[in-house]
Amino acid sequence: MLLLFFSFFFFSCSHHHYMEAGNDTGISDFLLLGLSEDPELQPLIFGLFLSMYLTTVVGNLVIILAVSSDSHLHTPMYYFLANLSFVDICFTSTTIPKMLWNIQTQNKVITYAGCITQMYFFIIFAGWDDFLLAVMAYDRFVAICHPLHYMVIMNPQFCGLLVLMSWILSVLNSTLQSFIVLWLSFCTEVEIPHFFCELNQMIQLACSDTFSNNMVMYFAAMLLAGGPLSGIIYSYSKIVSSIRRISSGKGKYKAFSTCTSHLSVVSLFFCTSLGVYLSSAVTQNSHTSAVASVMYTVVTPMLNPFIYSLRNRDIKRALKRITGIPVM
């Protein structure tokens, strides 16, 4: 119901302002320039991104199927993993299908309403991904640092509440960010040097004053990205401290092995996304930023299922039971 309310509210405002924007500035369409304008590279880019998208969808669906079908995986850690896989599918689905359609039809146009809609859902799923990674770090912190109280603290109601709060905060942030973009004026024939409507690119292309947009964007980035990242760093500092106090080498390995998959995913997601935004702030090269953003928008969601399935014995056993094929 919350999603329906926010979506109805947002799209009502979007449609209203779209009509106003069309009257005031003449903007009805944007052009997504993509990763390259070279016609000879388009078939290669299409094939590469189609294969990456299908791998992402299938890989994450397999993880969701494994977690839901195996009773041994009905634990908080795998509940959060299944949610992360669902978010990764949605995350890539907001951008890649439109990009593939544009390449196939040789048409770079995206409507104003379509662009705002894409940006809205991209921010939601990027934020939700961010929060879920922090929640998963907290889950490992409780499991290793407070093992005797783990099942009491991480009860099903609390786990559901953590996921719900992550969703609500992501929706609120996206609604705010997208709503203030609606009040920007754009010049005619606006070209976006990216393969999707990214918030920072939209703000840079506006003709009207963008001071408030930039302030909200950077404040939200510090709060909603810096907050979860700080929580992850704190959780793992406590985890490392607890593991160092374990006397046996086997015990240390067993404790840390439950964190390695998540730590790999966290490192991949945050290093690539922060690298993109920090490099774009320094160089102001939109094409370089677009190419680099492929890492956290496409590559990371694609690699997540492999990281978890290859580094996790429980997932391997579940996949073997489902497919009958042993996972290396």
Side-chain angles (χ1 to χ4, degrees), residues 1-18 21 29-30 32 34 49 52-54 56-57 60-61 64 82-102 108-133 163-184 186 192 194-203 205 213 216-217 220-221 224-225 228 269 272-273 276-277 289-290 293-302 304:
M1 290 301 294
L2 182 71
L3 173 61
L4 291 175
F5 169 75
F6 276 114
S7 297
F8 176 76
F9 171 76
F10 174 74
F11 289 121
S12 296
C13 294
S14 176
H15 178 71
H16 173 70
H17 186 66
Y18 167 70
D29 298 317
F30 291 98
L32 289 173
F49 276 82
M52 291 170 72
Y53 177 65
L54 292 177
T56 300
V57 173
N60 283 288
L61 280 176
I64 294 171
N83 275 277
L84 182 68
S85 294
F86 170 74
V87 172
D88 282 341
I89 292 172
C90 298
F91 187 42
T92 53
S93 296
T94 59
T95 58
I96 303 304
K98 176 59 180 174
M99 175 190 180
L100 295 175
W101 175 259
N102 284 5
K108 300 177 181 180
V109 172
I110 183 171
T111 65
Y112 177 90
C115 199
I116 297 294
T117 302
Q118 186 184 64
M119 182 183 69
Y120 175 71
F121 283 106
F122 180 84
I123 296 172
I124 285 180
F125 293 120
W128 200 6
D129 207 319
D130 192 18
F131 284 120
L132 279 175
L133 290 174
V163 173
L164 179 62
M165 288 303 298
S166 299
W167 170 250
I168 291 173
L169 288 172
S170 301
V171 170
L172 289 174
N173 172 52
S174 182
T175 302
L176 174 63
Q177 299 274 14
S178 302
F179 190 75
I180 59 175
V181 170
L182 288 172
W183 302 105
L184 293 175
F186 294 93
I192 300 174
H194 217 300
F195 62 94
F196 68 97
C197 295
E198 196 256 344
L199 176 63
N200 192 38
Q201 293 289 336
M202 294 285 287
I203 292 175
L205 292 173
N213 298 78
V216 171
M217 182 177 67
L224 301 181
F269 180 81
T272 53
S273 56
V276 167
Y277 280 96
S289 175
S293 66
V294 172
M295 284 301 297
Y296 78 95
T297 58
V298 185
V299 176
T300 300
M302 181 186 70
N304 286 358

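Keep in mind that what you see is a predicted model, and the values were worked out from it rather than measured. Heavy-atom basis, side chains included; hydrogens, waters and symmetry copies ignored.
- Here the closest heavy-atom approach between residue Leu32 and residue Asn102 is recorded as CD1-ND2, 3.9 Å.
- Listed here is the closest heavy atom pair of Ala225 and Pro228: O-CD, 3.5 Å.
- Residues meeting the side chain to side chain donor-acceptor pair (under 3.5 Å) test with Asn60, sequence neighbours left out: Ser85.
- Partners of Phe196 according to the ring-ring contact (aromatic ring centres under 6.0 Å, His included) rule, which considers only residues two or more places apart in sequence or in another chain, are Phe122, His194.
- For the side chain to side chain donor-acceptor pair (under 3.5 Å) test, no residue two or more places apart in sequence or in another chain qualifies with Asn213.
- When all heavy atoms are compared, the tightest approach of Ser170 to Gly127 is OG-C, 3.3 Å.
- The CH2 atom of Trp101 lies 13.5 Å from the CD1 atom of Ile110; values are rounded to the nearest 0.5 Å.
- Ile64 and Ala82 make their closest contact through CG1-O, 3.7 Å (heavy atoms, listed as atom of the first residue, atom of the second, distance).
- Ring planes of Trp167 and Trp128: tilted class, angle from 30 to 60°.
- Within the model, atoms CE of Met217 and CG of Leu199 stand 5.5 Å from one another, a figure rounded to the nearest 0.5 Å.
- Atoms CE and CZ, on Met165 and Phe131 in that order, are 9.0 Å from each other to the nearest 0.5 Å.
- In this structure, the separation between CG on Asn304 and CG on Leu84 is 5.5 Å, given to the nearest 0.5 Å.
- Contact between Met119 and Cys197 at its shortest, heavy atoms only, is CB-O, 3.5 Å.
- Among residues two or more places apart in sequence or in another chain, the side chain to side chain donor-acceptor pair (under 3.5 Å) test is passed with Asp129 by none.
- The side chain to side chain donor-acceptor pair (under 3.5 Å) search around Thr95 returns none, not counting sequence neighbours.
- Taking the six-membered ring for Trp and thresholds of 30 and 60 degrees, Phe269 and Tyr296 have ring planes more than 60 degrees apart, a perpendicular arrangement.
- Between Met52 and Val299, the closest heavy-atom pair is CE-CG2, 3.7 Å.
- In this view, Phe49 and Leu35, Ile45, Ile96, Met99, Leu100, Val294, Val298 satisfy the side chain to side chain contact (heavy atoms under 4.5 Å, CB included) rule, not counting sequence neighbours.
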Exercise for review: Evaluate the side chain to side chain contact (heavy atoms under 4.5 Å, CB included) criterion for residues Ser293 and Glu198: first the C-alpha distance (whole Å), next the side-chain angles of each, then the deciding distance (0.1 Å), finally the verdict.
Suggested key: CA-CA 10 Å; Ser293 66; Glu198 196 256 344; over 6 Å; no
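- With hydrogens and angles ignored, the 3.5 Å screen pairs no side-chain donor or acceptor of Gln201 with any backbone N or O of Ile192.
- From Leu169, atom CG reaches atom CG of Leu164 across 9.5 Å, with rounding to the nearest 0.5 Å.
- Here the OG-CD1 distance, from Ser178 to Ile116, works out to 6.5 Å after rounding to the nearest 0.5 Å.
- Taking the side chain to side chain contact (heavy atoms under 4.5 Å, CB included) definition, one finds that Val57 meets it with Tyr53, Leu61, Ile89, sequence neighbours left out.
- A distance-only check finds a donor-acceptor pair linking the side chain of Thr94 to the backbone of Phe91 [under 3.5 Å].
- The salt bridge (Lys or Arg N to Asp or Glu O under 4.0 Å) test applied to Lys108 returns Glu37, not counting sequence neighbours.
- A parallel orientation is assigned to the rings of Phe121 and Phe125, their planes being inclined by less than 30° (bins at 30° and 60°).
- In terms of the side chain to side chain contact (heavy atoms under 4.5 Å, CB included) criterion, residue partners of Val216 (sequence neighbours excluded) are, by chain and number, Leu176, Gln177, Ile180.
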